[in-house]
Amino acid sequence: MTGNGVLGVAVVGAGYWGPNLIRNFLASAEWNLVAVCDLDTERAAQVVGGRADVTVTAVLDEVLARDDVQAVAIATPARTHRHIAVAALRAGKHVLVEKPLADSVAAGRELVELAETEGLVLMTDHTYCYTPVVQRIAELVRDGSLGDIFFVDSVRINLGLVQPDIDVFWDLAPHDLSVLDYILPGGLRPEGVAAQGADPIGAGRSCVGYLTLPLTSGAMAHVHVNWLSPTKIRQMVIGGSTRTLVWDDLNPQQRLSVYDRGVDLVQQSVDRIDRRTASISYRLGDTWAPALTEVEPLGLMVAELASAIREGRPPRTDGAAGLRVLSVLEAAATSLRARGALVDVVPTDRPELELVR
Ligand SMILES: NC(=O)c1ccc[n+]([C@@H]2O[C@H](COP(=O)([O-])OP(=O)(O)OC[C@H]3O[C@@H](n4cnc5c(N)ncnc54)[C@H](O)[C@@H]3O)[C@@H](O)[C@H]2O)c1
């Protein structure tokens with residue numbers, strides 16, 4: 001950290017997503033972008049755009065040896081996260097890792113435990129959790145506005161880039177799962193996962209995917225991810241006993257709608273042998289749209305990383321959150337191999353890795 005409290009950061013990976021991190025670190029008064037490391041130095045130099053104060057290199061060790069680097073942000077493909085993050089943590093750097101935290105639960109757990117042992121911050125970039133709309137959804141869930149959650153239905157489909165090394169679940173579902181982890185009381189702890197995938201174009205991996213997640217208390221979440229849809233839909237419906245939220249991310253005028261409508265179970269009678277007869281009544285109330293600010297979520301994300309480092313606390317989307325998402329992705333892969341059977345999700349939490357909110 002420099003005398004004025006500004007933290008030094010190096011970004012590793014300047015491909016598609018890395019430039020977004022670079023732009024936000026450069027725009028933040030809390031961060032000094034010291035270096036950009038990419039195997040493709042030409043690409044990195046292009047992204048840095050001739051700034052003399054930012055070092056461009058392909059050699060990670062060069063970055064890790066620097067005293068003016070307090071944190072390393074990793075935006076390389078998921079299969080490389082573990083190796084780079086372990087090296088950075090061993091060099092005493094705080095680490096931000098792009099979603100998904102790693103390419104397996106074992107690798108993710110290693111990172112979480114190493115960060116803990118070294119007393120360093122490990123953060124997962126679950127970008128959507130820093131959007132005003134998800135912040136508002138989380139508030140409405142936490143303050144009880146929805147009542148009990150009955151169901152969540154999430155759809156993330158468009159004509160997407162068919163990835164060469166990962167299926168549509170690993171590419172897109174981390175977004176939905178990280179939002180579920182953030183908004184559900186107690187985080188993402190489904191009772192199991194059932195995954196169905198289709199590869200109608202012969203790409204060698206699922207291009208269309210459906211995840212079913214029974215939640216505790218009888219609720220159910222469903223996630224549909226798809227690279228082959230000519231229409232783009234980014235929608236999540238969160239149905240509660242009191243209210244239902246509809247988040248339509250492609251509608252900036254009304255990204256979030258709150259439906260004061262629901263279903264009540266009306267108990268009519270109990271007979272002599274204690275048999276209950278119940279009927280359903282429907283409540284029809286107003287629909288309204290909460291006012292939301294327009295801010296760049298990655299700006300809030302890099303600010304949260306700086307605060308977590310300064311305050312010595314886990315960030316809002318810490319390594320443990322990344323690990324919970326990974327455990328669902330890995331269970332989904334097992335379910336796919338078992339032709340969609342419901343499989344258990346390996347619990348990732350130890351008491352010291354519990355959610356910090
Ligand atoms: N948060 C989000 O919304 C979001 C969106 C897109 C991608 N991502 C994540 O960002 C990460 C990167 O994805 P991308 O689409 O930018 O990939 P990409 O392939 O476009 O870029 C990766 C870059 O990393 C470099 N690289 C690879 N291995 C390296 C190494 N060992 N050392 C240094 N550089 C190395 C490559 O040269 C390339 O420039 C992935 O984890 C992805 O899931 C996150």
Side-chain angles (χ1 to χ4, degrees), residues 9-25 34-48 54-65 69 72-88 91 93 95-104 107-108 111 122-131 133-134 154 156 158 160-179 181-182 205 225 227 232 234 249 296-302 304-305 315-319 321-323 325-326 329:
V9 65
V11 173
V12 184
Y16 163 66
W17 194 251
N20 293 323
L21 296 181
I22 290 168
R23 181 166 44 77
N24 279 277
F25 281 122
V34 174
V36 173
C37 173
D38 197 298
L39 298 178
D40 181 348
T41 46
E42 247 177 64
R43 165 84 190 146
Q46 198 186 348
V47 173
V48 167
V54 181
T55 303
V56 170
T57 177
V59 184
L60 181 65
D61 286 346
E62 223 177 81
V63 168
L64 300 183
V69 171
V72 171
I74 302 169
T76 56
R79 64 180 182 284
T80 66
H81 290 178
R82 179 191 154 274
H83 157 75
I84 298 169
V86 164
K93 312 298 182 192
V95 169
L96 166 74
V97 189
E98 267 312 320
K99 65 83 194 166
L101 177 61
D103 60 355
S104 70
L111 299 184
L122 174 66
M123 180 168 182
T124 315
D125 177 16
H126 286 165
T127 314
Y128 277 99
C129 301
Y130 296 91
T131 57
V133 63
V134 173
S154 192
R156 184 175 302 279
N158 62 294
L161 196 65
V162 174
Q163 301 283 339
D165 53 348
I166 50 171
D167 66 15
V168 71
F169 294 103
W170 283 80
D171 184 34
L172 298 184
H175 293 305
D176 310 86
L177 296 174
S178 64
V179 170
D181 184 63
Y182 191 64
R205 57 193 58 82
V225 283
W227 283 327
K232 181 168 181 172
R234 296 271 184 277
D249 207 44
E296 175 150 14
L298 285 182
L300 299 180
M301 197 272 297
V302 302
E304 170 67 0
L305 177 61
R316 215 181 289 157
T317 52
D318 59 1
L323 196 50
V325 168
L326 271 186
L329 289 171

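Just so you know, ligand 1 is whichever comes first in the structure, and atom 1 is the first atom listed for that ligand.
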What part of L60, side chain from CB on, backbone N/CA/C/O, both or neither, has a heavy atom under 4.0 Å from ligand 1? neither

Measure the distances from the heavy atoms of D38 to every atom of ligand 1 and state whether one is below 4.0 angstrom. yes

Counting heavy atoms only, which of W17, Y130, Y128 comes nearest to atom 6 (C) of ligand 1? W17

If I apply the N/O under 3.5 Å rule, does R43 come out as touching ligand 1? no

Write out the residue and atom name of the closest protein heavy atom to atom 1 (N) of ligand 1, then the distance separating them to 0.1 Å. T127 OG1, 2.8 Å

Any carboxylate oxygen within less than 4.0 angstrom of a Lys/Arg side-chain nitrogen, looking at R156 and D176? yes

Identify the closest protein heavy atom to atom 9 (C) of ligand 1: which residue and atom is it, and at what distance? K99 O, 3.5 Å

Under 3.5 Å, side chain of E304 to main-chain N/O of R316, donor-acceptor pair present? yes

Heavy-atom donor-acceptor pair, D181 side chain to L177 backbone, under 3.5 Å: no

A student checking ligand 1 against V12 at a 4.0 Å heavy-atom cut-off should list atoms 33 (C)

Look at atom 12 (C) of ligand 1 and say which protein heavy atom is nearest, naming residue and atom and giving the distance to 0.1 Å. A75 O, 3.3 Å

Can you tell me which residue and heavy atom of the protein come closest to atom 18 (P) of ligand 1, and the distance to 0.1 Å? Y16 N, 3.9 Å

Got a sec, which residues hit ring-ring contact (aromatic ring centres under 6.0 Å, His included) with F25, two or more places apart in sequence or on another chain? W31

Is the closest heavy atom of H126 to ligand 1 under 4.0 Å? no

I'd like to know if H81 contacts ligand 1, where contact means a heavy-atom distance under 4.0 Å to any ligand atom. yes

Could you check which of D40, T76, T41 puts a non-hydrogen atom nearest to atom 24 (O) of ligand 1? T76

Protein heavy-atom partner closest to atom 21 (O) of ligand 1 - residue, atom, separation in Å: G15 CA, 3.3 Å

Judged by atom type as modelled, is there a donor-acceptor pair below 3.5 Å linking the side chain of D249 to the main-chain atoms of R234? no

For ligand 1 and T80, I'd like to know whether there is a polar contact (N/O to N/O, distance under 3.5 Å). no

Evaluate D125 against L96 for side chain to side chain contact (heavy atoms under 4.5 Å, CB included), listing each step before the verdict. CA-CA 7 Å; D125 177 16; L96 166 74; 4.0 Å; yes

How far is atom 10 (O) of ligand 1 from its nearest protein heavy atom, and which residue and atom name does that atom have? E98 CG, 3.4 Å

Should you measure from each heavy atom of G13, which atoms of ligand 1 turn up under 4.0 Å away? 24 (O)

Is there a donor-acceptor pair closer than 3.5 Å between any side-chain N or O of R79 and the backbone N or O of D103? no

Quick one: CG on L21 to CG on L305, what's the gap to the nearest 0.5 Å? 10.0 Å

I would like to know whether L298 and W17 meet side chain to side chain contact (heavy atoms under 4.5 Å, CB included); could you show each step before the answer? CA-CA 11 Å; L298 285 182; W17 194 251; 3.8 Å; yes

Measure the CG-NZ distance between L326 and K99 for me, rounded to the nearest 0.5 Å. 11.5 Å

To which of G18, P77, C37 does the heavy atom nearest atom 19 (O) of ligand 1 belong? P77

State, with a plain yes or no, whether a side-chain heavy atom of V325 is found less than 4.5 Å away from one of H126. yes

Return the residue, atom name and 0.1 Å-rounded distance of the protein heavy atom closest to atom 28 (N) of ligand 1. L39 CD1, 3.7 Å

Looking at H175, which atoms of ligand 1 are within less than 4.0 Å of one of its heavy atoms? 2 (C), 3 (O)

Among all protein heavy atoms in this structure, tell me which lies nearest to atom 31 (N) of ligand 1, with the distance rounded to 0.1 Å. I84 CD1, 3.8 Å

Check for a donor-acceptor pair, side chain of H81 on one end and backbone N or O of P100 on the other, with a separation under 3.5 Å. yes

